[in-house]
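For reference, the structure discussed in these notes is given below.
The residues of the chain are indexed from 1 along the displayed sequence. As the structure is a prediction and not an experimental result, all values here were calculated from the model.
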Amino acid sequence: MNKELKTSQLNLNMNFFADEAKNIELPNDTEYNFLYERNKDHMNEIALDFDKMSITYEELHTRIDEYAKALYKRGIRENDIIAISVANTPEAVYIAYALNKLGAIVCPINPLDNSYKILQDLQVVRPKMFIGIQDSYSTFKKASQGMEIDMIVFPAVQSMDSKILKILYGIKQLLNGNVLLSLDGNLKRILNKGKDCKDVVFPKYQKGRMSDIMFTGGSSGTHKGVMLDGNGLNCVVRSLDYVTNLKPGDIFMGNLPQFMAFGKLSLHYALCKNTKVSLTLKALPHFFKEEVFRIKPAGVFAGPIQWEAFVNDVFRQINPQIGNIDFLVNQNMNYKEYLIYLRKIVQEADPKILKDLNMNFLKMGVSGGEQLKMFTELVCNMLFEELGSRDELWNGLGMTEMWAPIAVKMGRKNSFGTLGPMIPFTNQMIVNPTTYEELGINEVGLLCVNGPGMMLGYYENQEETDKVFIEKYGKKWLVTGDIAKMLPNGELQYIDRLKRCFVCGIENIYPQRIENLLSEIPEIREAIVTKISDNELQFIPKYHISLRNADCDIEQLKLKIESLVNKTLGSNHIAKMYEFYETPLPRTANGKLDPKPLQQKDNELKKQLTKK
């Protein structure tokens with residue numbers, strides 16, 4: 001196919017989906033009403049499973065209605081901004097849909113955030129009310145000093161059966177100062193007083209009306225509230241009807257936090273799909289494997305950090321002596337040899353252990369939220385195959401500004417190393433990062449997207465909103481900040497973040513490409529590429545390399561690096577400067593390699609040299 005054919009006009013992604021998807025009518029309603037329409041023929045089936053409690057879809061809608069009436073009586077009205085800080089409990093589900101039914105704007109806050117981070121959220125949105133678990137009450141109270149915010153709290157264990165657990169939880173919250181003394185703020189009491197409210201008003205859906213505000217730092221790092229229309233979420237769920245393979249009655253693991261767009265999308269999708277959602281409070285990575293084998297879900301969405309913890313915990317069960325898997329490729333082995341070595345460990349394991357680890361229940365394990373390492377994907381696929389899962393690991397590209405997913409690699413259906421095609425009803429355009437001229441197939445450029453899930457803008461921040469939208473062909477496009485290319489078959493290949501790209505001579509340099517290449521060299525533990533300003537070439541690449549062995553022959557390693565980079569990417573990608581480390585390179589709080597400290601250090605050094 002001619003690479004000059006424009007990526008926005010081909011709709012190649014639709015070749016991966018049923019013809020029916022091309023002509024369907026998209027939803028046009030609130031999140032709650034769409035959920036009800038999808039559930040009305042499945043009311044006797046289980047919707048939520050939590051501890052020893054099972055809640056049918058009929059009971060779910062009854063509870064949502066009761067919560068909506070009680071919250072209306074408490075004073076919540078259409079367009080009120082309500083901050084919620086919840087865990088994966090039935091109450092969290094009732095509250096979110098009740099607020100949507102009332103036409104309120106839901107603004108989730110991370111219950112693990114400190115008061116400084118919560119204050120940043122509050123300064124953006126100034127909510128009318130806070131509804132949250134006791135665990136976050138004292139932190140929220142500290143953050144909201146001087147603001148008139150009504151507060152409602154409830155224990156995270158409210159729906160649990162164990163009295164002892166509830167007592168221990170209560171003691172812990174008392175010691176931590178997470179006790180709201182006023183009974184007026186007790187959710188259970190509010191519900192009992194107001195669930196039969198007769199004068200409640202449920203507003204009709206208005207197209208383009210904000211229903212949710214999700215927080216993001218985005219590519220600029222500026223703290224922003226993303227304004228989202230709940231019907232956009234409905235449309236993404238409708239698109240997933242043609243992407244995913246779950247059926248009504250399948251078990252879905254409800255583990256992702258609801259303060260993330262990926263978490264809210266996963267829950268709304270699972271409930272609209274009429275699955276049985278098994279909620280878990282054990283959402284941290286070190287619980288992930290334990291919960292997967294306890295729940296035995298047909299579908300589970302998680303981040304790469306959860307899947308890496310899963311792999312490590314499976315291998316520890318097979319062989320308690322084994323150390324953590326090297327997802328950056330093992331010392332003295334290339335990744336293919338390492339994968340063969342790990343597969344052999346599984347194949348030679350005790351049959352009784354393998355029986356306990358059988359994964360024939362899993363139809364769809366999905367990774368999202370951040371970039372998936374090549375070897376993480378490979379070793380997960382190997383484990384899935386050996387342990388009897390029905391497919392390989394799925395992977396996707398998403399962003400809060402689009403209600404999470406925009407492209408999904410559908411297991412074996414798509415090529416390894418790609419992000420798969422754009423989901424139905426979402427379109428892509430690859431453009432020149434400087435001129436915004438549209439590029440063609442196989443040309444590397446800036447990814448722009450549009451579709452029904454696209455955000456309305458950033459809350460009370462027109463300046464940042466204007467930065468991320470462009471107009472082309474009479475349509476509004478969202479600039480993702482990702483560098484990518486579209487393959488001839490319609491799959492998307494991720495290259496790097498735009499913010500890290502730079503020009504050396506006349507060539508665009510994408511650091512992630514170089515870092516991925518360097519990870520194939522056994523002597524290198526990990527690498528980060530930064531840019532150094534240069535009078536003649538604009539910028540030159542600098543390689544920060546963490547070594548596996550301190551006694552490595554540096555000069556020989558440089559020759560190996562330069563030969564590989566020159567042969568693969570070209571001479572402009574070769575480092576003009578190196579810095580070697582015996583320790584790991586800096587990482588962000590969620591475990592990603594973090595180039596910012598090294599880039600800042602290089603910038604300061606350059607300033608000092610310039611002054612001299």
Side-chain angles (χ1 to χ4, degrees), residues 31-32 35 39 46-74 76 82-102 104 106-112 127 129-137 140 150-163 165-170 172-173 178-180 182-197 212 252-260 263-264 266-268 270-271 276-283:
E31 294 166 24
Y32 174 76
L35 175 72
N39 295 162
I46 300 297
L48 300 175
D49 189 65
F50 181 73
D51 192 42
K52 297 179 182 179
M53 177 184 288
S54 292
I55 300 146
T56 66
Y57 277 97
E58 183 175 9
E59 291 168 333
L60 169 66
H61 286 278
T62 300
R63 296 288 88 75
I64 291 170
D65 190 59
E66 291 174 349
Y67 272 67
K69 290 176 179 178
L71 293 175
Y72 183 87
K73 187 171 183 178
R74 178 61 181 230
I76 294 177
I82 310 299
I84 65 170
S85 185
V86 296
N88 289 321
T89 68
E91 292 77 21
V93 181
Y94 307 151
I95 290 166
Y97 282 111
L99 290 173
N100 184 260
K101 194 172 183 181
L102 291 171
V106 179
C107 181
I109 289 176
N110 184 351
L112 299 179
M129 185 182 292
F130 166 82
I131 307 175
I133 54 175
Q134 279 183 267
D135 310 60
S136 57
Y137 168 68
F140 188 91
D150 192 11
M151 295 194 190
I152 300 174
V153 299
F154 64 96
V157 296
Q158 185 163 298
S159 290
M160 284 192 166
D161 186 61
S162 172
K163 292 183 179 179
L165 184 62
K166 289 182 176 180
I167 291 170
L168 292 174
Y169 175 87
K172 180 181 177 182
Q173 301 313 315
N178 286 322
V179 178
L180 179 62
S182 170
L183 290 177
D184 288 340
N186 182 286
L187 178 64
K188 199 169 185 179
R189 187 169 184 267
I190 290 168
L191 182 65
N192 289 334
K193 287 175 64 178
K195 64 182 181 180
D196 296 322
C197 176
D212 298 78
F252 186 87
M253 182 166 156
N255 60 301
L256 287 176
Q258 297 306 296
F259 60 84
M260 298 168 50
K264 179 149 186 172
S266 69
L267 180 66
H268 193 51
L271 290 172
K276 175 183 175 181
V277 179
S278 186
L279 297 170
T280 173
L281 289 174
K282 295 182 175 181

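To the nearest 0.5 angstrom, Leu191 atom CG is 10.0 Å from Asn186 atom CG. Atom SG of residue Cys107 and atom CG of residue Asp212 lie 9.0 Å apart, to the nearest 0.5 angstrom. Here Met253 contributes atom CE and Lys276 contributes atom NZ; the two are 14.5 Å apart, rounded to the nearest 0.5 Å. With rounding to the nearest 0.5 Å, the separation of CD1 in Ile109 from CD1 in Ile131 is 11.5 Å. Going from atom NE2 of His268 over to atom CG of Asn100 covers 8.0 Å, rounded to the nearest 0.5 Å.
Looking at residues two or more places apart in sequence or on another chain, you find a side-chain contact (heavy atoms from CB on, under 4.5 Å) between Leu256 and Phe262, Ser266, Phe301. Taking Lys172 as the reference, Asn176 meet the side-chain contact (heavy atoms from CB on, under 4.5 Å) condition, with sequence neighbours excluded. Judged as a ring-ring contact (aromatic ring centres under 6.0 Å, His included), and not counting sequence neighbours, the contacts of Phe140 are Phe130. With sequence neighbours excluded, no residue forms a ring-ring contact (aromatic ring centres under 6.0 Å, His included) with Tyr57. By the side-chain hydrogen bond (donor to acceptor under 3.5 Å, both in side chains) test, Lys166 pairs with no residue at all, sequence neighbours left out. Every residue two or more places apart in sequence or in another chain that forms a side-chain contact (heavy atoms from CB on, under 4.5 Å) with Gln173 is listed here: Gln134, Asp135, Tyr169, Asn178. Applying the salt bridge (charged side-chain N to carboxylate O under 4.0 Å, His left out) rule to Asp150 yields the partners Arg74; only residues at least two apart in sequence or on another chain are considered. Annotation: side-chain hydrogen bond (donor to acceptor under 3.5 Å, both in side chains) contacts of Lys101 (sequence neighbours excluded): Asp65. Residues passing the side-chain hydrogen bond (donor to acceptor under 3.5 Å, both in side chains) test with Asp196: none are found, sequence neighbours excluded. With sequence neighbours excluded, the residues that form a side-chain contact (heavy atoms from CB on, under 4.5 Å) with Ile55 are Leu48, Met53, Glu59, Leu60, Pro90, Tyr94. The side-chain hydrogen bond (donor to acceptor under 3.5 Å, both in side chains) test applied to Ser278 returns no partner, not counting sequence neighbours.
Taking the ring centroids of His61 and Tyr97, they lie at or beyond the 6.0 Å cut-off.
The closest side-chain heavy-atom distance from Leu281 to Thr89 is below 4.5 Å. Side chains of Tyr67 and Leu187 form a contact here, defined as non-hydrogen atoms less than 4.5 Å apart. The side-chain heavy atoms of Thr56 and Ile46, taken from C-beta on, include a pair separated by under 4.5 Å. Inter-residue side-chain proximity for Pro111 and Phe259 is flagged as met; some heavy-atom pair is nearer than 4.5 Å.
Across all their heavy atoms, Ala87 and Ile133 have their closest contact at N-CG2, 4.1 Å. Here the shortest heavy-atom pairing between Lys282 and Thr280 reads N-OG1, 2.9 Å. Residues Val277 and Ala270 come closest through the heavy atom pair CG2-CB, 3.7 Å. Across every non-hydrogen atom of Ser136 and Ser85, the tightest pair is OG-OG, 3.3 Å. Minimum heavy-atom separation, Met151 to Leu180: O-CD2, 3.7 Å.
No salt bridge links Glu66 with Lys69; every basic N to acidic carboxylate O contact stays at or beyond 4.0 Å.
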Inset, instruction - Before giving the answer on side chain to side chain contact (heavy atoms under 4.5 Å, CB included), spell out for Val86 and Phe154 the whole-Å C-alpha distance, their side-chain angles and the decisive distance to 0.1 Å. - result: CA-CA 9 Å; Val86 296; Phe154 64 96; 4.1 Å; yes
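Side-chain atoms of Lys73 come within 3.5 Å of backbone N or O of Lys193 as a donor-acceptor pair. Remark: the backbone N or O of Leu279 is not paired with any side-chain donor or acceptor of Asn88 at under 3.5 angstrom.
Exactly one residue among Ile152, Ile76, Val106 makes a side-chain contact (heavy atoms from CB on, under 4.5 Å) with Ile82. That residue is Ile76.
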Please list, one pair per line, the donor and acceptor atoms closer than 3.5 Å that link side chains of residues 155-163 to other protein atoms, with sequence neighbours excluded.
unit_1	atom_1	unit_2	atom_2	d
Ser159	OG	Glu91	OE2	2.4
Ser162	OG	Leu165	N	3.1

